[in-house]
Amino acid sequence: MLEEVERWLASRSWSVADRPLHQVLAAKQRTGQSVSVVLPALNEEATVGDIVSVIRRDLVERAPLVDEIVVVDSGSTDRTSEVAAAAGARVVHRDEILPRLPAVPGKGEVLWRSLLVTRGDVICFVDADLREFSSDFVTGIVGPLLTERDVDLVKAMYDRPFTVPGQDASASAAAGQGGRVTELVARPLLNLHWPQLAGFVQPLGGEYAARRSLLEQLPFPVGYGVELGMLVDALHLVGLDALAQVDVGVRRHRHQDGQALGRMAAAIYRTAQLRLARGHLVRPRLTQFERGENGFEPRTYRVDTEERPPMAEIAEYAARRVA
């Protein structure tokens, strides 16, 4: 590990306990910064309501840390929107944001568009499929942005127990497992090509917070590559010391099957490849196999290659800021 990264780990890796809620609230009052929490959601009716309820109870009603909770629904066919609204979130549908640009599927697309419908100086992203959610996730990653003027982006780090579907969670959970795409794809890519980022425990984690002033300057890969792309681009834009991570404990969520992970890995590799050699194109397709009536059948998928430009370049965003 680079000496620079060792120093960074000592100075920019914290625990949620390092900044008690009262300290974070005092910093918010002192600096006057507002905080938006964004949950990108697609068919998450089983979990999104609990997450919104916990944030509203702990960080809106009991302690005024969060100024708005926004769920951006990216085309759910279940009751995600209704459940989120009932729990106290403002629900916005992806296709209603910036309608002149037709939306494309993908998490990054939703996060990018969320900048147009939020007002916070600090934006906190939280995945909508988390179980046993704690408001420490929000407090932990927002805290350094309110207390440290030279920090611009904070990632959550945590254990990710891998739970086998159909088994009791306590019997099947294995600490330290999970994060398979991180260990097999993202971590090797970062260590080999961007070794300054080797200290991030969960580089692909969906829970992170950043200053709007940074996010609006970043391009957003529209799909699964958004977290890796954002980390790499932020490193180049603001430098390693402006990035940080906070230990928030344990993250439990729905795990993807192997083929979905393969598609995720391909998108992440493609995001890295674009940043290594802009303009050098590889075939953006991934073929996987499923057993059918006549043996293994190929299924070919497009790999997400489109990226949205920095939001600061969008006319509607500039006009909103002037207004």
Side-chain angles (χ1 to χ4, degrees), residues 7-40 51-70 89 111 114-115 118-128 130 132-160 197 199-216 218 227 230-231 234-235 237-252:
R7 291 194 298 270
W8 178 84
L9 283 169
S11 64
R12 286 292 186 260
S13 290
W14 296 297
S15 165
V16 64
D18 292 335
R19 291 176 180 80
L21 180 57
H22 68 84
Q23 180 182 338
V24 176
L25 286 171
K28 181 178 190 287
Q29 184 176 21
R30 183 174 64 253
T31 61
Q33 296 178 86
S34 54
V35 177
S36 300
V37 175
V38 172
L39 282 76
I51 298 171
V52 171
S53 295
V54 168
I55 297 172
R56 174 161 290 281
R57 181 195 67 205
D58 292 353
L59 303 179
V60 176
E61 297 169 356
R62 294 180 180 174
L65 179 64
V66 172
D67 296 284
E68 62 177 348
I69 306 170
V70 179
L111 300 184
S114 76
L115 298 182
T118 52
R119 292 287 181 178
D121 302 302
V122 171
I123 312 266
C124 174
F125 297 120
V126 176
D127 281 351
L130 303 190
E132 302 176 33
F133 179 78
S134 167
S135 59
D136 282 351
F137 274 72
V138 175
T139 307
I141 57 179
V142 166
L145 294 165
L146 298 177
T147 61
E148 310 290 334
R149 287 184 298 177
D150 55 352
V151 171
D152 289 324
L153 184 149
V154 182
K155 297 279 292 188
M157 56 177 168
Y158 34 69
D159 290 318
R160 291 185 63 182
L197 298 175
F200 277 93
V201 175
Q202 295 289 354
L204 300 185
E207 289 67 50
Y208 48 98
R211 300 190 192 280
R212 176 180 293 274
S213 57
L214 171 63
L215 293 173
E216 66 186 14
L218 299 177
E227 275 83 25
M230 187 178 297
L231 206 54
L235 172 68
L237 192 62
V238 296
L240 181 60
D241 285 340
L243 313 180
Q245 61 185 349
V246 174
D247 187 348
V248 296
V250 178
R251 182 186 197 265
R252 301 182 188 277

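Heads up: numbering here begins at 1 and tracks the sequence.
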Any donor-acceptor pair under 3.5 Å linking the side chain of Ser15 with the backbone of Ala17?
yes
When Asp127, Asp136, Asp159 are each screened for salt bridge (Lys or Arg N to Asp or Glu O under 4.0 Å) with Arg251, the one that passes is Asp127
So, does Gln245 use its side chain to make a donor-acceptor pair with the main chain of Gly199 at under 3.5 Å?
yes
Judged by atom type as modelled, is there a donor-acceptor pair below 3.5 Å linking the side chain of Gln202 to the main-chain atoms of Tyr158?
yes
Contact between Glu207 and Leu130 at the side-chain level, heavy atoms closer than 4.5 Å - yes or no?
yes
Classify the side-chain pair Thr118/Arg212 by whether it contains a donor and acceptor separated by less than 3.5 Å.
yes
Is there side-chain contact between Phe133 and Val126, with heavy atoms separated by less than 4.5 Å?
yes
Under 3.5 Å donor-acceptor, Ser34 side chain and Asp121 backbone:
yes
Is there a side-chain contact between Leu243 and Lys155, using heavy atoms and a 4.5 Å cut-off?
no
So does Ser36 get a backbone contact from the side chain of Asp67, meaning a donor-acceptor N/O pair under 3.5 Å?
no
Determine whether Arg12 and Leu240 make a side-chain contact, defined as any pair of heavy atoms from C-beta on separated by less than 4.5 Å.
no
Are side-chain heavy atoms of Leu237 and Asp152 found at a separation under 4.5 Å?
no
Between Phe137 and Val54, is there a side-chain heavy-atom distance shorter than 4.5 Å?
no
Taking Leu145's backbone N and O only, do any of them form a donor-acceptor pair with Arg211's side chain (distance below 3.5 Å, no angle check)?
yes
